[in-house]
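Heads up: the structure comes next, in structure tokens.
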Amino acid sequence: DAGVIQSPRHEVTEMGQEVTLRCKPISGHNSLFWYRQTMMRGLELLIYFNNNVPIDDSGMPEDRFSAKMPNASFSTLKIQPSEPRDSAVYFCASKFGRLPYGYTFGSGTRLTVV
Amino acid sequence: AQTVTQSQPEMSVQEAETVTLSCTYDTSESDYYLFWYKQPPSRQMILVIRQEAYKQQNATENRFSVNFQKAAKSFSLKISDSQLGDAAMYFCAYRNGGGADGLTFGKGTHLIIQP
């Protein structure tokens with residue numbers, strides 16, 4: 001298995017533009033998580049899905065952030081409009097939902113908003 | 001809400017020596033899981049070791065072992081025979097045994113290995 005695949009690896013965009021980050025979980029994993037990593041706040045859980053359904057989005061910072069999981073093999077995190085304070089590394093992780101462990105992380109997307 | 005605290009922003013150790021990274025957590029739950037993750041410069045989050053709270057025995061994975069003190073809510077990571085490849089950020093993480101999914105992370109400890 002290729003692991004959790006995130007794209008792009010790096011993204012530079014201008015303030016006000018829409019940004020879409022993508023994630024392909026490991027086949028057979030039915031839970032998917034989006035995290036944000038910054039120097040100030042560390043790793044924060046933004047949202048997670050179970051069987052493609054959003055379960056907890058309490059970590060999503062603002063309405064500018066939205067996430068979807070249209071099928072078991074694909075998820076997106078969208079920021080519209082983007083702001084410089086959204087600059088961070090965004091990680092996607094997946095696991096088999098019944099287990100309380102077994103999280104596998106992608107390599108992250110480094111987002112820079114200028 | 002659960003919190004995880006790593007009080008050492010940075011640690012340095014000589015190659016082949018032993019180093020211990022500290023982690024404390026706050027929870028009212030009795031059933032939970034604790035993890036140590038390694039994040040090298042490549043950014044990849046790599047699981048180092050896992051501990052189930054219901055297990056009294058400390059987890060061990062080769063050169064990595066933990067000291068789990070449930071009453072004190074302490075979960076330290078010991079790295080023996082440190083190697084240059086161990087240089088990375090190390091994150092302590094917590095997950096409830098049931099209920100809400102997702103990991104709560106500490107702020108991390110930057111481990112430097114001196115050759």
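In the text below, chain A, chain B and the rest are named by the order of the sequence lines, each starting its count at 1.
Most heavy-atom pairs under 4.5 Å with chain B: of the set Ser31(A), Gly106(A), Gly59(A), Ala93(A), this distinction falls to Gly106(A). Ranked by heavy-atom pairs under 4.5 Å with chain B, the list Arg9(A), Met39(A), Lys95(A), Gln37(A) is led by Arg9(A).
Interface remark: Tyr35(A) contributes side-chain atoms only to the contact with chain B (heavy atom separation under 4.5 Å). Within the 4.5 angstrom heavy-atom criterion, atoms from both the backbone and the side chain of Leu43(A) approach chain B. Heavy-atom distances place no part of Tyr32(B) under 4.5 Å from chain A, backbone and side chain included. Heavy-atom distances place both the backbone and the side chain of Tyr101(A) under 4.5 Å from chain B. Both the backbone and the side chain of Arg110(A) come within less than 4.5 Å of a heavy atom in chain B.
When the heavy atoms of residues 85-97 of chain B are compared with those of chain A, the residues falling under 4.5 Å are Phe91(B), Arg95(B), Gly97(B), listed by number. Listed by sequence position, Ser42(B), Arg43(B), Gln44(B), Met45(B), Arg50(B) are the residues of residues 41-63 of chain B in contact with chain A, using a 4.5 angstrom heavy-atom cutoff. Within residues 3-16 of chain B, no residue approaches chain A closer than 4.5 Å by heavy atoms. Annotation: residues 101-115 of chain B contacts chain A through Asp101(B), Gly102(B), Leu103(B), Phe105(B), Lys107(B) [non-hydrogen atoms, separation under 4.5 Å].
The cluster map of Ile, Leu, Val, Met, Phe, Trp and Tyr, joined by side-chain heavy atoms under 4.5 Å apart, puts Leu34(B) and Val66(B) in the same cluster. Hydrophobic cluster membership differs between Val4(A) and Leu21(A), with clusters built from Ile, Leu, Val, Met, Phe, Trp and Tyr side chains linked at under 4.5 angstrom. Phe49(A) and Leu45(A) are assigned to two separate hydrophobic clusters, defined by single-linkage of ILVMFWY side chains at heavy-atom distances under 4.5 Å. In the hydrophobic clustering of this structure, Ile26(A) does not group with Leu99(A); members are Ile, Leu, Val, Met, Phe, Trp, Tyr whose side-chain heavy atoms approach within less than 4.5 Å, directly or through other members. When the side chains of ILVMFWY residues are joined at heavy-atom separations under 4.5 Å, either directly or via intervening members, Ile5(A) and Tyr90(A) end up in two distinct hydrophobic clusters.
The aromatic rings of Tyr37(B) and Phe105(A) sit perpendicular to each other, their planes meeting at more than 60°, with 30° as the lower class boundary.
In the displayed structure, Lys70(B) atom NZ is contacted under 6.0 Å by more than 12 heavy atoms of other residues, nucleotides or ligands.
A pairwise comparison of heavy atoms in Pro100(A) and Phe35(B) identifies O-CZ, 3.7 Å as the closest pair.
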